[in-house]
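Report on the structure given below.
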There are 2 protein chains.
Amino acid sequence: MENMNRTIHFLSRHKHNFLYGVSLAGLLFILKWLELRYLIFNNGIEIYIGSIALLFTALGIWLAIRLMKPKIKTVLVEKEVYISNTPFIRNEKELTRLGISKRELDVLQLMAKGFSNVEIAEHLFVSLNTVKTHASNLFMKLDAKRRTQAIEKAKQLGIVA
Amino acid sequence: MENMNRTIHFLSRHKHNFLYGVSLAGLLFILKWLELRYLIFNNGIEIYIGSIALLFTALGIWLAIRLMKPKIKTVLVEKEVYISNTPFIRNEKELTRLGISKRELDVLQLMAKGFSNVEIAEHLFVSLNTVKTHASNLFMKLDAKRRTQAIEKAKQLGIVA
DNA sequence: ATGAAATTCACCCGAAAGGATGAAGACCAT
DNA sequence: ATGGTCTTCATCCTTTCGGGTGAATTTCAT
């Protein structure tokens, strides 16, 4: 059972090579027949070679078309998400997506209320430096250059009220 | 002159066909030589045919790659765009009550979007000092100590979105 | 138990913000 | 035309913010 699965997997992975092998075999058979026709009865070796050339050119084209990697074109589709503004519901998805921790969220919320870093430090019972570190991390995660920008983005994303 | 231009144009438009023709001629010449080698001295007709097959397969692949339009695989990526469903209506009463001027409101709005004073100055075509003056006046009128506080209060009062 | 993430704190330095004050030109209404 | 507001800009000075870096400790899951 395990072996069979592996075999099938192998075949599907190398199906192009496999196809090429089979095609080649078939074509060689046809060629043998043509060889008889032309070599023996007609002696038209040039025509024979021409046929082979055309045939294998076609085969090459076919192969190339089959094997060519498609170019990948990415199209952005904007999906509108309406935010109801009546009761605030935190967008937990965005929080986890951006990797914002609890403590960082604490700082962000106080920031959005208009608190200075010193005031935030006092409210959270941590040092000013700690608040600064959280703030810096927030700016990175929110891709913001200033606290005002961070607040605006956070509000847009439904992270803070 | 006109004829020559037309000829050049024709050649450039059909350069792939032209290339194919030249290649074919060249290859046939090589084949003729191979024919002698193998047919007369070696009699290995199968090897000869095999060579032709491989050669023209390669030619076909090359041709296909040159001539084919690239396959395009389109990947749709949904991007969520957050939209508020309640239109913002400015509270004009509060504006007049607080005595906030047009220019000050301009500054306040850009502030709320997360712009720095320098950026605001550039957008409004005034100097940085002017923006600072407007900001200071805003902080007085809104009874705010910081821009973040001013923004929060302004949003609460319905002065900015 | 070991490595990753989170939390905490420190120091240095430059950039930005904010406070105080003065002042000039434009506009508007009485 | 005169006073009041608005807008503009300036200078000086202080505070706050933010970047960069390093590091100790805790927490937590594998």
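All chains are named by letter (A, B, ...) in the order of the sequence lines, taking the proteins before the strands, and each is independently numbered beginning at 1. These numbers come from a predicted model, not from an experiment.
Checking the phosphate oxygens (OP1, OP2) of C:dT7, no side-chain nitrogen or oxygen of A:H134 falls inside 4.0 Å. Contact annotation: B:R147 reaches the phosphate of C:dG18 (side-chain N/O to OP1 or OP2, under 4.0 Å). Note on A:S101: a side-chain N or O is less than 4.0 Å away from OP1 or OP2 of C:dT7. For D:dT8, neither phosphate oxygen OP1 nor OP2 lies less than 4.0 angstrom from any side-chain nitrogen or oxygen of B:T130. In this structure, B:S136 reaches the C:dG19 phosphate: one of its side-chain N or O atoms is under 4.0 Å from OP1 or OP2. Put simply, B:N117 has a side-chain N or O that comes within less than 4.0 Å of OP1 or OP2 on C:dA17.
Note on B:R146 versus A:E119: salt bridge recorded, some NZ/NE/NH1/NH2 to OD/OE distance being below 4.0 Å. Salt-bridge formation is detected for the pair B:E94/B:R97: a Lys NZ or Arg NE/NH1/NH2 atom is positioned less than 4.0 Å from an Asp or Glu carboxylate oxygen.
Using a 4.0 Å heavy-atom distance criterion, A:N129 is classed as a base contact. Heavy atoms of B:K102 sit under 4.0 angstrom from primed sugar atoms or phosphate atoms, though from no base atom.
One N or O on the side chain of B:Q149 and one on the backbone of B:K145 form a donor-acceptor pair closer than 3.5 Å.
Sequence order on DNA chain C of the closest nucleotides to B:K132 and A:L124 puts A:L124 first from the 5' end. Each of B:I100 and B:V126 was matched to the nucleotide of DNA chain D holding its nearest heavy atom; the match closer to the 5' end belongs to B:I100. Along DNA chain D, the nucleotide nearest B:G99 and the nucleotide nearest B:R146 are compared for position; the residue whose nucleotide lies closer to the 5' end is B:G99.
Following rounding to the nearest Å, B:R103 (CZ) and C:dC27 (P) show an atom-to-atom distance of 14 Å. The nearest whole Å value for the distance from the CD1 atom in B:I151 to the C1' atom in C:dA17 is 12 Å. Look at CZ on A:F125: it is 18 Å from P on C:dT7, rounded to the nearest Å. The nearest whole Å value for the distance from the CG atom in A:L98 to the P atom in C:dA6 is 13 Å. Between the P atom of D:dG19 and the CG atom of A:L142 lies a distance of 12 Å, rounded to the nearest Å. In this structure, B:I120 atom CD1 and C:dG18 atom C1' are separated by 13 Å, rounded to whole Å. Taking atom CG of residue B:N137 and atom P of nucleotide C:dA23, one finds them 17 Å apart after rounding to whole Å. Atom NZ of B:K145 and atom P of C:dA16 are 25 Å apart (whole Å).
For the salt bridge (charged side-chain N to carboxylate O under 4.0 Å, His left out) with B:E152, the qualifying choice from A:K113, A:R147, A:K155 is A:K155, the only one to do so.
For the pair B:L142 and B:L108, the minimum side-chain heavy-atom distance is below 4.5 Å.
Applying the 3.5 Å distance criterion, the base of D:dC9 shares a donor-acceptor pair with the side chain of B:T133.
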